[in-house]
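Working notes for the structure below.
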Amino acid sequence: MSAAAVPQPRAERGPAVKAQRGGRRSLAIALLCGALGAALVLLATSRTWAEGTAAVAQGALPQHADGDDITGLPGALAVVGLAAMVAVFAVRRTGRVFVAGLLALCGAGIAVSAVMGASDTAALEEKASKATGLTDSSIQDVAHTAWPWVALAGGVLLLIAGALALGYGRRWPAMSGRYERSGGAARPRPHRSRPAPDPDRPEELWKALDRGEDPTGREGGPARS
């Protein structure tokens, strides 16, 4: 038995199989974290983060501020992070590392801005001033919701997706590779030969007579009319 016919030991195939499985697992986790994280951030920024009342002559005027009123950074970074998650599969090598780093930075930026906006009251005070017409209008009974922390969780998920793309992105497939044509030469089309003429057809009989042949196949020279 030749050396080429000897099967590869299972011990040598183990690292390659483990690396392939690890790449698939990291890809699935990154896709889940990226999609879920962006969805959570976009949902959280559209909900109320802080609420309170503005004092007016007739009483108290309720005020509330959503995430986009307090800071528009998490929502914008979520859109950029989602686009970066898709772009990871459209680029390779250095481009993939750059996009993965951008995805991780988007997650970190969302987390920081969500924490800073969790106790912010500037948006409520600005709304109270517009409602009362007083530049120094105060806001009372301020209450903060849990939505900033939901945005924080979404940012952490995007950060995890970016970290996975940085660590395992080289093992992930590229979108452009699916559409590349194979380098093999085109196969020639088989030549179709014309079928042999049927001697029993009337037109073939007349053609044979014109050529001076015996259509019956008998020897003895040309057929007589």
Side-chain angles (χ1 to χ4, degrees), residues 25-90 96 98-169 172:
R25 189 180 299 110
S26 63
L27 173 60
I29 296 175
L31 287 175
L32 179 61
C33 290
L36 182 59
L40 286 177
V41 174
L42 293 176
L43 175 64
T45 54
S46 64
R47 297 297 188 270
T48 299
W49 284 24
E51 53 189 4
T53 56
V56 293
Q58 295 80 9
L61 186 62
Q63 298 293 323
H64 70 277
D66 56 26
D68 290 329
D69 294 330
I70 294 177
T71 172
L73 189 59
L77 290 178
V79 175
V80 175
L82 190 60
M85 189 69 210
V86 177
V88 165
F89 302 97
R96 177 167 292 184
F98 173 78
V99 174
L102 177 62
L103 176 60
L105 289 177
C106 287
I110 291 171
V112 172
S113 59
V115 171
M116 294 179 62
S119 58
D120 186 88
T121 59
L124 282 177
E125 294 173 354
E126 182 180 355
K127 285 194 169 187
S129 298
K130 292 180 179 179
T132 60
L134 302 175
T135 56
D136 57 347
S137 179
S138 61
I139 193 76
Q140 301 174 355
D141 302 327
V142 177
H144 298 278
T145 66
W147 286 110
W149 307 110
V150 175
L152 170 64
V156 171
L157 289 176
L158 284 172
L159 178 59
I160 293 174
L164 289 173
L166 285 172
Y168 299 93
W172 296 353

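Along the sequence shown, residues carry numbers from 1. Hydrogens, waters and symmetry mates are skipped; everything else that's a heavy atom, side chains included, is used.
With sequence neighbours excluded, the residues forming a side-chain contact (heavy atoms from CB on, under 4.5 Å) with A118 are P148, W149, listed by chain and number. Shown here are the side-chain contact (heavy atoms from CB on, under 4.5 Å) partners of L32, two or more places apart in sequence or in another chain: there are none. With sequence neighbours excluded, no residue satisfies side-chain contact (heavy atoms from CB on, under 4.5 Å) with S119. Listed by chain and residue number, L73, C106, I110 satisfy the side-chain contact (heavy atoms from CB on, under 4.5 Å) test with L77 (two or more places apart in sequence, or in another chain). With sequence neighbours left out, D69 forms a side-chain hydrogen bond (donor to acceptor under 3.5 Å, both in side chains) with K127.
Applying the side chain to side chain donor-acceptor pair (under 3.5 Å) test to residues at least two apart or on different chains, none of the pairs has a partner in residues 28-39.
Here the shortest heavy-atom pairing between A50 and D120 reads CB-O, 4.2 Å. Contact detail for A161 and A30: the closest heavy-atom pair is CB-O, 3.6 Å. Minimum interatomic distance between S26 and Y168 (heavy atoms only, all atoms of both residues): OG-CB, 3.3 Å. D66 and T45 make their closest contact through CB-O, 4.0 Å (heavy atoms, listed as atom of the first residue, atom of the second, distance). For A100 against V88, the heavy-atom pair with the smallest separation is N-CG2, 4.4 Å. V41 approaches G75 most closely through the heavy-atom pair CG1-N, 4.3 Å.
Here the CD-OG1 distance, from Q63 to T121, works out to 13.0 Å after rounding to the nearest 0.5 Å. The line from CZ of F89 to CZ of R96 is 7.0 Å long, rounded to the nearest 0.5 Å. For the atom pair CG of L164 and CG of L159, the computed distance is 9.5 Å after rounding to the nearest 0.5 Å. If you take CH2 on W147 and OG1 on T48, they are separated by 9.5 Å, rounding to the nearest 0.5 Å.
Using a 4.5 Å heavy-atom threshold, the side chains of L158 and L103 count as touching. Within the 4.5 Å cutoff, side-chain heavy atoms of V142 are placed close to those of L124.
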